[in-house]
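Here's the structure, in structure tokens; my notes come after.
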Amino acid sequence: MPGLTLGDTVPNLEVETTQGKIKLHDYIGDSWTIIFSHPGDFTPVCTTELGKMAVNAEEFGRRGAKLLGFSCDDVQSHKEWIKDIEAFTTGSKVTYPIAADPKREIISQLNMVDPDEKDSSGNNLPSRALHIVGPDKKIRLSFLYPATTGRNMDEVMRALESLQKAAKHNVATPVNWKPGDPVLIPPSLSNEQAKQKFPQGFQTCAVPSKKEYLRFTHI
């Protein structure tokens, strides 16, 4: 995505939310934060998505992650819509704040504007975007979906755990990695350094090039 992207610091914007005014950097604090936008209140795909976020909020919290939703509707609209979300998602409450951006100023700065989708007045709508922000306030990962495709919240959880594992242990996660699977040792570490860092050992896959870069370990 052009504009705000991986490695950029999230601007310290002040936003009006369903839980009062917040400044983004204060809200993030020293936590991981998932910032996600949706095209509009009282819309079907968004209702299912925010409902799933409500279901998973506790699991995200256990992983040290906060949630923050965004759309271009106002706070009162969000509060009314939350009643529908909670009715649809029986037994779960929307405990995270949803920010309002009726002038489309904030979603533009967060690079969450859909270039194609417009409302009845011709104004651009938020895209179905999601940023995972690290405790350093930098964007570590971004997803961008069209309005017609709902996001996979299990993948958001998996990606968060991958990012946290990489940040904590200086490793990478391979294709289709899931928590508990082996991880990859980065090529920047020599075998001697890898032995010191990973005393539990590692397995090197033999390849025709004879280069020892496919090294798997469990952590």
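When reading the values below, keep in mind they use all heavy atoms of this one structure, side chains included, and skip hydrogens, waters and symmetry mates. What you are looking at is a predicted structure, and each value in this text was computed from that prediction instead of being measured.
Under the 4.5 Å side-chain criterion, counting only non-hydrogen atoms from C-beta, Leu184 is not in contact with Trp177. Looking at heavy atoms from C-beta onward, Met112 lies in side-chain contact with Ile35 at the 4.5 angstrom threshold. Side-chain contact between Lys168 and Ile219 is absent, with no heavy-atom pair separated by less than 4.5 Å. Between Thr17 and Tyr27, the closest side-chain pair of non-hydrogen atoms is not below 4.5 Å. Between Lys197 and Leu189 there is a side-chain heavy-atom pair separated by less than 4.5 Å.
Side-chain contact, Asn191 with Arg215: a donor N or O sits under 3.5 Å from an acceptor N or O. With 3.5 Å as the limit, one finds no donor-acceptor pair spanning the side chains of His78 and Asp73.
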Problem set entry | Stepwise side chain to side chain contact (heavy atoms under 4.5 Å, CB included) test for Leu24 and Val15 | CA-CA 8 Å; Leu24 292 188; Val15 296; 4.3 Å; yes

Problem set entry | Test log, rule side chain to side chain contact (heavy atoms under 4.5 Å, CB included), inputs Val156 and Phe60 | CA-CA 10 Å; Val156 176; Phe60 281 119; 4.0 Å; yes

Problem set entry | Derivation of the side chain to side chain contact (heavy atoms under 4.5 Å, CB included) call for Ile139 and Thr5 | CA-CA 7 Å; Ile139 293 179; Thr5 189; over 6 Å; no

Exercise. Taking it one step at a time, do Arg128 and Val45 satisfy side chain to side chain contact (heavy atoms under 4.5 Å, CB included)?
Worked result: CA-CA 10 Å; Arg128 212 174 287 289; Val45 178; 3.5 Å; yes

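For the residue pair Ile185 and Thr217, the shortest heavy atom distance occurs at CG1-CG2, 4.0 Å. The shortest heavy-atom contact between Arg151 and Ser37 is NH2-O, 2.9 Å. Contact between His38 and Asp41 at its shortest, heavy atoms only, is NE2-OD1, 3.3 Å. The two residues Val183 and Ala172 come nearest to each other via the heavy atoms CB-O, 3.5 Å. Summarising the geometry of Leu6 relative to Ser142, their closest heavy-atom pair is CD2-N, 3.9 Å, with the distance given to 0.1 Å. Minimum interatomic distance between Ala167 and Trp32 (heavy atoms only, all atoms of both residues): CB-CZ2, 4.2 Å.
The distance from the CG atom of Leu163 to the CD atom of Glu161 is 10.5 Å, given to the nearest 0.5 Å. Note that the OH atom of Tyr213 and the OG1 atom of Thr204 stand 12.0 Å from one another [nearest 0.5 Å]. For the atom pair CG of Leu67 and OG1 of Thr95, the computed distance is 7.0 Å after rounding to the nearest 0.5 Å. Atom-to-atom distance recorded for Thr89:OG1 and Leu50:CG is 9.0 Å, nearest 0.5 angstrom. Interatomic distance, CG of Asp84 versus SG of Cys46, reported as 12.5 Å (0.5 Å rounding). A distance of 10.5 Å separates CZ in Phe198 from CD in Gln193, rounded to the nearest 0.5 Å.
No more than 12 heavy atoms of other residues, nucleotides or ligands shown are found within 6.0 angstrom of CD on Gln203. Summarising the local packing, CD of Glu58 is surrounded by 12 or fewer heavy atoms from other residues, nucleotides or ligands at distances under 6.0 Å. Counted within 6.0 Å of CG on Asp26, heavy atoms from surrounding residues, nucleotides or ligands total more than 12; the atom is thus considered enclosed.
Ring geometry for Phe143 versus Tyr145: interplanar angle over 60°, hence perpendicular rather than tilted (30 to 60°).
Side-chain atoms of Gln200 come within 3.5 Å of backbone N or O of His218 as a donor-acceptor pair. The main-chain N or O of Leu4 is never found under 3.5 Å from a side-chain atom of His131 such that the two would form a donor-acceptor pair. When atom types are taken as modelled, the side chain of Ser71 and the backbone of Gly40 share no donor-acceptor pair closer than 3.5 angstrom. One N or O on the side chain of Lys137 and one on the backbone of Gly29 form a donor-acceptor pair closer than 3.5 Å. Formation of a donor-acceptor pair under 3.5 Å by the Thr18 side chain with backbone atoms of Ile98 is found in this model. The backbone N or O of Glu105 sits nowhere less than 3.5 Å from a side-chain atom of Ser108 that would complete a donor-acceptor pair.
Evaluation of the ring pair (Phe, Tyr, Trp, His ring centres under 6.0 Å) test over residues 90-111, restricted to residues two or more places apart or in two chains, returns Phe36-Tyr96.
Cluster annotation: Ile106 is connected to Ile22 through the hydrophobic network of ILVMFWY side chains, with a link wherever side-chain heavy atoms come within less than 4.5 Å. Residues Val171 and Ile132 fall into different hydrophobic clusters, defined by Ile, Leu, Val, Met, Phe, Trp and Tyr side chains chained together at heavy-atom separations under 4.5 Å. Side-chain heavy atoms closer than 4.5 Å link hydrophobic residues (I, L, V, M, F, W, Y) into clusters, and following such links, possibly through other members, connects Met53 to Ile82. Put simply, Met157 and Ile34 are part of the same group of oily side chains (I, L, V, M, F, W, Y) that touch within less than 4.5 Å, one to the next.
Annotation: salt bridge (charged side-chain N to carboxylate O under 4.0 Å, His left out) contacts of Glu59 (sequence neighbours excluded): Arg62, Arg63.
Between Arg158 and Glu155, at least one side-chain N (NZ, or NE/NH1/NH2) sits under 4.0 Å from a carboxylate O, which counts as a salt bridge. Salt bridge status for Lys195 with Glu192: present, with a side-chain N to carboxylate O gap under 4.0 Å. A salt bridge links Glu86 and Lys93; the closest N-O separation between the charged side-chain nitrogens and carboxylate oxygens is under 4.0 Å.
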